[in-house]
Structures are given as structure tokens and as C-alpha cells.
Amino acid sequence: MNRHIAIYPGSFDPFTNGHLDIVQRGLEIFEKVIVAVACNSEKNSLFSVKERMKLISELVTDNPRVQVDAFDGLLVDYVVKKEARVILRGLRAVTDFEFEFQLAQMNHAVCEQVETLFMMTSPSCAYLSSSMIKEVSKLKGDVSQFVPPCVHQALQKKFARD
Ligand code: ADP
């Protein structure tokens with residue numbers, strides 16, 4: 001069991017500056033961060049899991065301490081498979097708390113050695129969510145300040161035909 005690895009799971013549909021902020025800050029604490037795209041979030045998603053992984057990989061390609069992966073099934077099973085014990089999650093508003101609290105409790109109940117660590121959002125990312133980004137992008141709003149350039153381009157391409 002490796003204490004130096006953190007698994008950062010999520011839908012990342014798409015990856016935002018808020019997600020990037022958590023990865024960067026996670027790297028200050030952990031030796032390695034594995035960004036794990038949830039395959040069960042494929043339904044109703046804008047980007048396929050493969051597209052999401054490619055975009056995230058582009059952003060972290062220079063950093064050997066970040067790995068991009070996808071997982072299917074129970075998150076705790078994936079964490080154990082990776083020989084990790086920490087799940088890293090971000091918290092924005094109070095509204096995130098209830099769901100995250102339940103999730104962390106459930107994961108710990110299912111697999112006792114797995115702990116969830118939360119990082120508070122940076123103030124500049126507090127109102128940032130993938131769903132908001134998709135909504136604004138769809139309506140042709142400028143989201144360039146909220147997402148990395150490659151994600152911005154990918155969003156523009158997705159909605160170009162609408
Ligand atoms: P999920 O569907 O698992 O919530 P998301 O891609 O929405 O997937 O989020 C993945 C993780 O990143 C979650 O822990 C979420 O709280 C966190 N997160 C998302 N946006 C931000 C942000 N702006 N600041 C900090 N954490 C964030």
C-alpha cells in the first residue's frame with residue numbers, strides 16, 4: 001500500500017482550471033497523483049472518456065508525477081488495485097459537502113484502508129464547474145479564463161456546428 005499516491009477521481013467533462021488547481025496542489029503533498037476518469041460518467045457526457053483522457057494528458061504531459069487513467073466499477077476497488085490508499089477530492093461550496101460526505105463515508109465503509117482527503121477550492125475557482133462551463137460554451141459564451149487552452153479549443157469545436 002503506497003502512502004505517496006493520491007487518486008483524483010471524477011467525471012472531468014471537461015477538465016477545468018479548478019481541476020488543474022487540485023492536481024497541482026495535490027502534487028505539493030503527494031509524490032504521485034493519478035487522475036482517474038470515471039467510465040460510468042460516459043452517459044450524457046459531452047466528451048467521451050477517451051477525449052477527456054487525451055485533453056488531461058496534454059496538460060500534464062511534462063510531469064512524470066501525474067498519470068491519467070480511466071476506471072470502471074467501484075472506486076475503492078480501483079484504489080486498491082493501484083496500491084494507493086488516498087482519494088483526493090475538491091470541495092467548493094457547502095452544497096458539495098452533503099454528497100461528498102456520503103461518498104467518503106460509503107467508500108470508507110466498503111474499504112476501511114481507503115481515506116478521502118479534501119482540498120478546499122482556490123477562491124478563483126470557487127464557482128467553476130464542468131456543467132456551468134458546458135452550458136456557457138453551448139450558448140457561445142467565452143469560457144477561456146476558466147479552462148486550459150486545449151479544453152477551450154475542444155469546446156469550441158464541439159459546439160461549432162450548433
Ligand atoms: P464528479 O462527477 O466525480 O463530481 P467532477 O469532474 O465534477 O466529477 O469533479 C471531480 C472532483 O473535482 C470533485 O471532487 C469536485 O468536487 C472537484 N472539483 C470540481 N470543480 C472544482 C473546483 N472548481 N474547485 C475545486 N474542486 C473542484
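Quick caveat: nothing in here was measured; it's all calculated off a predicted structure. Each ligand, and each atom within it, is numbered from 1 in the order the structure gives. For reference, positions follow the sequence shown, starting with 1.
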Need the ligand 1 atom indices (1-based, order shown) with element for anything under 4.0 Å from a heavy-atom of [X].
{"X": "F12", "result": "6 (O)"}
{"X": "G10", "result": "3 (O), 8 (O), 10 (C)"}
{"X": "R89", "result": "1 (P), 3 (O), 4 (O), 10 (C), 11 (C), 13 (C), 14 (O)"}
{"X": "S11", "result": "1 (P), 2 (O), 3 (O), 5 (P), 6 (O), 8 (O)"}
{"X": "I22", "result": "25 (C), 26 (N)"}

Problem set entry | SB check K158 E51 (cutoff 4.0 Å) |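 A salt bridge is present here (some side-chain N lies under 4.0 Å from a carboxylate O).
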
Problem set entry | Under-4.0 Å salt bridge between K82 and D69 |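 Counted as a salt bridge, because a side-chain N and a carboxylate O are separated by less than 4.0 Å.
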
Problem set entry | E135 atom CD, over 12 foreign heavy atoms within 6.0 Å |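 Not buried by this count: 12 neighbours or fewer within 6.0 Å.
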
For this session: Could you tell me whether C125 and ligand 1 have an N or O pair separated by under 3.5 Å?
Result: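 It does: an N or O of C125 is found under 3.5 Å from an N or O of ligand 1.
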
Exercise. Between L91 and ligand 1, is there a nitrogen or oxygen pair with a distance under 3.5 Å?
Worked result: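 In this structure, L91 places no N or O atom under 3.5 Å from an N or O of ligand 1.
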
Exercise. Heavy atom under 4.0 Å from ligand 1: found in D21's side chain, backbone, both, or neither?
Worked result: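 Under 4.0 Å from ligand 1, D21 contributes no heavy atoms.
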
Exercise. Heavy atom under 4.0 Å from ligand 1: found in H19's side chain, backbone, both, or neither?
Worked result: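 The part of H19 near ligand 1 is the side chain, not the backbone.
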
Exercise. Are C125 and T16 side-chain neighbours, meaning at least one heavy-atom pair lies under 4.5 Å?
Worked result: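 Side chain of C125 against side chain of T16, heavy atoms only: no contact under 4.5 Å found.
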
Exercise. Do the non-hydrogen side-chain atoms of H108 and T116 ever get within less than 4.5 Å of each other?
Worked result: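 H108 vs T116: side chains apart.
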
Problem set entry | Heavy-atom nearest neighbour in the protein, as seen from atom 21 (C) of ligand 1, with distance rounded to 0.1 Å |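 Sorting protein heavy atoms by distance from atom 21 (C) of ligand 1 puts R92 CD, 3.5 Å first.
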
For this session: Measure the distances from the heavy atoms of Y8 to every atom of ligand 1 and state whether one is below 4.0 angstrom.
Result: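 Yes, Y8 has a heavy atom closer than 4.0 Å to ligand 1.
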
Problem set entry | Contact check, P9 vs ligand 1, heavy-atom distance below 4.0 Å |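 Yes; P9 lies near enough to ligand 1 that a heavy-atom distance drops under 4.0 Å.
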
For this session: Look at the aromatic rings of F15 and H19 and report parallel, tilted or perpendicular, splitting at 30° and 60°.
Result: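 Tilted, since the angle between the ring planes falls between 30° and 60°.
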
Exercise. Is it true that a side-chain atom of R89 and a backbone atom of P9 form a donor plus acceptor pair closer than 3.5 Å?
Worked result: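 Judged by distance alone, yes, a pair lies under 3.5 Å.
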
For this session: Would you mind finding which of N17, T16, T121 brings a heavy atom closest to atom 24 (N) of ligand 1?
Result: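 Heavy atom nearest to atom 24 (N) of ligand 1 belongs to T121.
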
